[in-house]
Amino acid sequence: MKPPEATRGDHQGTGDLPPAVSVCLEVLRKRADFLAANRGQRCGTKAFLLQARHRKDDTDSIRVGFTCSKKVGNAVARNRAKRRLREIVRLVLPKHGQAGWDYVLIGRAEVTAARDFAQMQDDLRWALEKLHGASSA
RNA sequence: GCGGAUGGCUGGACGGUCGCACCUCUUCGGGGGUGAGGAAAGUCCGGACUCCAUGGAGCAACGGCGCCGGGUAAUCCCCGGCCAGGGCAACCUGAGGGAAAGCGCCACAGAGAACAGACUACCGCCCCUAGGGGUGGAAAAGGUGAAAAGGUGGGGUAAGAGCCCACCGCUUUGGUGGCAACAUCAAUGGCACGGCAAGCCCCGCCGGGAGCAAAACCAAAUAGGGACCGCGCGGGCGCAAGCCCGGGGCCGCUUCAGCCCCAGCAGGUCCGGGUUGGUUGCACGAGCGUUUUGGUAACAAGACGCCCAGAUGAAUGGCCGUCCAAGCAGGGCAACCUGCGGGACAAAAUCCGGCUUACAGGCCAUCCGCAAGG
């Protein structure tokens, strides 16, 4: 009854990815991609933790992954958290993300499912500006 | 009307706007269809299906089950019945075979706890003699305990006792009813037989193992194995042809049948295994709905209609509006009005049949008790 939920034991978490997003976005499916993103830059917000990594390969697509471990709650709570994260990514990332980067959003217990939706979008914009501002500086 | 018992249903609705998975149509712009649960859960039973084990028979071991009958693919499940316990009742609960095969265990308390025993108390006799001691009888009364050797009443006696009698219980035998568990009636014996088998055990029945990450196929890249050919090949006897004797393996043992192996390699030809992706398995099934017939029922048979999720870092959603109902506050005798507010448990992962557990609120049916009315 449970999805792979992947290697939960370590703190990588493995996101569950919904191929949701629009055309220019791709979804991370490989465990290795998640591990690589985990070693990249990161920025926490109230509703989630954002990890980002510049792939430095020839492709210029934006890729995203989502991680909601069992700490977030039961299956129903995890699914809801992932869907909300997926939705703010769909609305925000095409405009504010940078090509050639991988992003991973990690859900938090309680907050990810309950925070005001508009505020979550602002959170993501703020986190993206902070990361890319720091990397360019 | 109040209280209660049982069974079942439902578990937000509608709309707007972005979006997801699969299928499908397409003029490649896009359009259409379908898309979580009663528990999808726990993974506790039973099956289908797949692979592994060479097949048959017997035995042993291990595990499970356990009133009787029926249902089913099957079950530890379901239905009906029996017995025991609880409740005024509807109804509920019950690992419910065997303790006159054996072993073992019954703590504390108590005189005594398992082929009984005698502390207080009772009675007779004897002795010192307010009272007590000795001896014998007896096991009813008190006390202890979860449990004390049939119960109640009467007779009887020095006092007592199934010692005798009646009823109840029990043993044994028989009759009757029932497929059976069992019930009931009669006779019989004066009563001999404590509990625990979720202790060992005995009896009866059932059971091969692993599981869709099973398994099959395709494509890549990569280190290492097997078969056949050739040289050659177990022991003994023999000049030789040949004859005799084998050993080991095939999930425990025995047996029968069958199969395989029994030195090595510088070569030649061919085949298989693991990893990562992909495809299949993978959704037409012990299927669902309606209905008829048989059956007390579980269920079975028939007719008609229907196609109903197939993901894999894993779709079935985000936001907003109106309404519905739980809750809170205010107003009103009340119906109700206004505002706030928030939506039970829990999400498919090969598929079925069950069990168990979780669950806000709402609804329906049948039945029982009490009260009132006709």
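Here is how names work: the chains are called A, B, and so on, in the same order as the sequence lines, proteins then strands, and each is numbered from 1.
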Of the candidates A36(B), C18(B), C319(B), the side chain of R84(A) sits closest to C319(B)
Checking N1-N3 plus N6-O4 or O6-N4 for Watson-Crick, or N1-O2 and O6-N3 for wobble, each under 3.5 Å, the partner of C333(B) is none
Paired to G242(B) by Watson-Crick or G-U wobble criteria (both distances under 3.5 Å) is C237(B)
Salt bridge (Lys or Arg N to Asp or Glu O under 4.0 Å) filter on R42(A), not counting sequence neighbours, yields none
When both distances are under 3.5 Å in a Watson-Crick or G-U wobble arrangement, the nucleotide paired with C355(B) is G42(B)
In whole angstroms, the gap separating P of G317(B) from CG of L85(A) amounts to 16 Å
Of G318(B), A315(B), C18(B), the nucleotide closest to the side chain of R90(A) is C18(B)
Output for pair (R86(A) CZ, N79(A) CG), nearest 0.5 Å, gives 8.0 Å
- Name the nucleic acid region contacted by R83(A), choosing base, sugar-phosphate or nothing; use a 4.0 angstrom heavy-atom cut-off, strictly under. base
Salt bridge check, R90(A) against E87(A): does any charged N sit closer than 4.0 Å to a carboxylate O? yes
Picking from G19(B), G318(B), A36(B), the nucleotide nearest the side-chain atoms of N79(A) would be A36(B)
Taking a pair to mean Watson-Crick or G-U wobble geometry with both distances below 3.5 Å, C217(B) pairs with G278(B)
Across every strand shown, the nucleotide meeting Watson-Crick or G-U wobble geometry with G317(B) (both distances under 3.5 Å) is C18(B)
Distance col, row D123(A):CG vs L50(A):CG, nearest 0.5 angstrom, shows 10.5 Å
A365(B) -> Watson-Crick or G-U wobble partner, both distances under 3.5 Å, gives U6(B)
**Item:** Interatomic distance at C1', A161(B) relative to G150(B), whole Å
**Value:** 14 Å
Across every strand shown, the nucleotide meeting Watson-Crick or G-U wobble geometry with A118(B) (both distances under 3.5 Å) is none
Mate of C108(B) across any strand shown (Watson-Crick or G-U wobble, both atom pairs under 3.5 Å) is none
For R53(A), the salt bridge (Lys or Arg N to Asp or Glu O under 4.0 Å) test, sequence neighbours excluded, returns D102(A)
